[in-house]
Amino acid sequence: MLENFDLTGKVALVTGGTRGLGQSMAKALGQAGAAVIVTGRSDKTIEESCSYLKENGITAYGFRCDMQQSADLKALKQYVVEKFCRLDILVNNAGIVIDRHYAECTDEEINEIISTNLVGVMKCTRVLGEMMIKQGNGKIVNIASMDGIIGTPRLVAYGTSKGGVIQFTRGLAVEWARYGIHVNAICPGYFATSINERVLAEESIRTKILKRIPLRRVGKPEELGPLVVYLSSKASDFMTGQAIVIDGGETVH
Ligand code: NDP
């Protein structure tokens with residue numbers, strides 16, 4: 001049964017793999033046997049992340065790619081084609097947050113968040129998914145958010161982008177099932193990463209957040225690892241189009 005989780009010989013790409021959840025998921029996929037490519041916007045952070053992954057025994061590669069730039073996405077595909085000739089797993093993780101009262105958001109901020117978190121995921125999947133269509137198989141895991149399901153003040157634009165990712169997941173799962181491609185989403189609640197640093201550092205906000213979470217703590221990035229491995233492996237071959245929430249129970253009540 002456990003051999004179904006084995007990713008030996010697979011090629012996985014994690015966007016936004018330079019830190020936080022992306023780096024942690026890249027590590028988990030690597031530990032399950034996959035060769036992992038991580039992307040980000042700066043050569044320095046990519047190099048640092050690859051070194052960290054290699055120190056942990058993982059076969060890691062890095063490529064600079066801004067999710068907002070179509071030319072970068074095309075160059076990324078070219079790199080994957082030339083270096084590996086295939087792509088088995090795509091984790092669309094790169095994302096940003098804008099934590100602000102919606103009435104105060106600027107047009108630029110709204111454009112930036114939709115273009116990174118939603119349009120970036122859609123374009124990246126179309127460009128890299130071509131390889132999976134040709135192969136006749138593939139696993140796509142989109143990192144959405146619990147805020148794409150529930151309404152959260154100050155995260156209206158963010159939640160809208162993530163709600164779009166969930167709907168994209170459902171539609172694509174149905175359309176690409178014929179190519180043997182599985183598409184699922186993960187909807188994390190609060191995890192301790194730099195994206196939440198400011199809110200979690202403020203004692204009063206932290207206390208309020210923890211009160212809402214039945215398990216009374218935020219998630220550790222490594223706690224996403226087993227789920228992403230499951231969704232990237234043979235073990236999940238009868239699952240597609242799902243959005244799985246992992247939030248310490250926050251959205252249950
Ligand atoms: P971090 O801020 O720690 O990491 C974000 C990653 O995304 C970095 O690797 C960053 O790379 C990359 N990134 C951001 N913008 C772009 C861009 N335009 N092009 C390419 N890469 C980009 O965030 P987390 O690890 O916390 O979040 C990862 C994902 O998980 C996000 O999509 C987030 O919305 C989602 N999520 C996180 C939750 C949490 O509690 N942490 C909860 C719910 C969802 P670099 O800056 O090096 O370019």
Side-chain angles (χ1 to χ4, degrees), residues 13-28 36-50 52-53 60 62-73 75-76 91-99 109 111-124 127-128 141-150 152 155 157-166 168-169 185-201 205-206 209-210 212-213 217-225 227-228 243-248 250-251:
L13 191 151
V14 181
T15 67
T18 58
R19 59 173 184 270
L21 302 185
Q23 187 182 62
S24 200
M25 289 188 285
K27 186 176 171 189
V36 184
I37 308 153
V38 292
T39 69
R41 290 163 296 183
S42 121
D43 288 331
K44 185 170 176 281
T45 55
I46 292 167
E47 214 176 292
E48 284 166 2
S49 187
C50 282
Y52 166 79
L53 292 168
F63 194 85
R64 201 191 53 72
C65 174
D66 185 332
M67 297 298 287
Q68 294 195 64
Q69 303 299 329
S70 298
D72 283 12
L73 291 168
L76 174 62
V91 181
N92 281 310
N93 163 78
I96 53 168
V97 74
I98 291 170
D99 177 0
E109 285 172 331
N111 283 342
E112 197 187 354
I113 201 154
I114 298 296
S115 123
T116 306
N117 292 6
L118 177 57
V119 180
V121 168
M122 293 173 72
K123 287 184 181 168
C124 182
V127 172
L128 290 156
V141 183
N142 296 323
I143 307 305
S145 168
M146 69 172 181
D147 299 306
I149 298 171
I150 57 168
T152 314
L155 295 177
Y158 175 76
T160 303
S161 71
K162 296 297 190 177
V165 169
I166 294 169
F168 173 63
T169 301
I186 297 178
C187 302
Y190 279 98
F191 278 71
T193 68
S194 56
I195 226 171
N196 291 318
E197 219 156 44
R198 196 192 57 79
V199 284
L200 294 176
I205 304 182
R206 190 183 167 85
I209 289 171
L210 293 185
R212 293 201 303 259
I213 305 174
R217 66 175 179 86
V218 298
K220 301 175 201 145
E222 61 270 23
E223 288 178 306
L224 272 194
L227 183 53
V228 80
I244 301 173
V245 179
I246 173 164
D247 67 348
E250 184 170 356
T251 52

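Note that the structure is predicted; figures quoted are calculated from it, not measured. Both ligands and their constituent atoms are indexed starting at 1 by order of listing.
Proximity of T116 to ligand 1, defined as any heavy-atom pair under 4.0 Å, is confined to the side chain (atoms from C-beta onward).
The protein heavy atom nearest to atom 11 (O) of ligand 1 is T18 OG1, 3.3 Å. In this structure, the protein non-hydrogen atom closest to atom 12 (C) of ligand 1 is G16 CA, 3.6 Å.
Nearest-residue assignment for atom 29 (C) of ligand 1 (options T39, D147, N93, N142; heavy-atom criterion): N93.
For ligand 1, one of its N or O atoms has an N or O atom of N196 under 3.5 Å away. Taking only nitrogen or oxygen atoms, main chain and side chain alike, G40 does not reach within less than 3.5 Å of ligand 1. Between S145 and ligand 1, not a single N/O pair is under 3.5 Å apart. Looking at R41 next to ligand 1, an N or O pair under 3.5 Å apart turns up. When only interatomic distances are considered, the shortest N/O to N/O separation between N117 and ligand 1 does not fall below 3.5 Å. Polar contact with ligand 1: absent for Q68 (N/O pair, distance under 3.5 Å).
No more than 12 heavy-atom neighbours from other residues, nucleotides or ligands sit within 6.0 angstrom of CD on E47.
In this structure, T169 contributes its side chain and V165 its backbone to a donor-acceptor pair below 3.5 Å.
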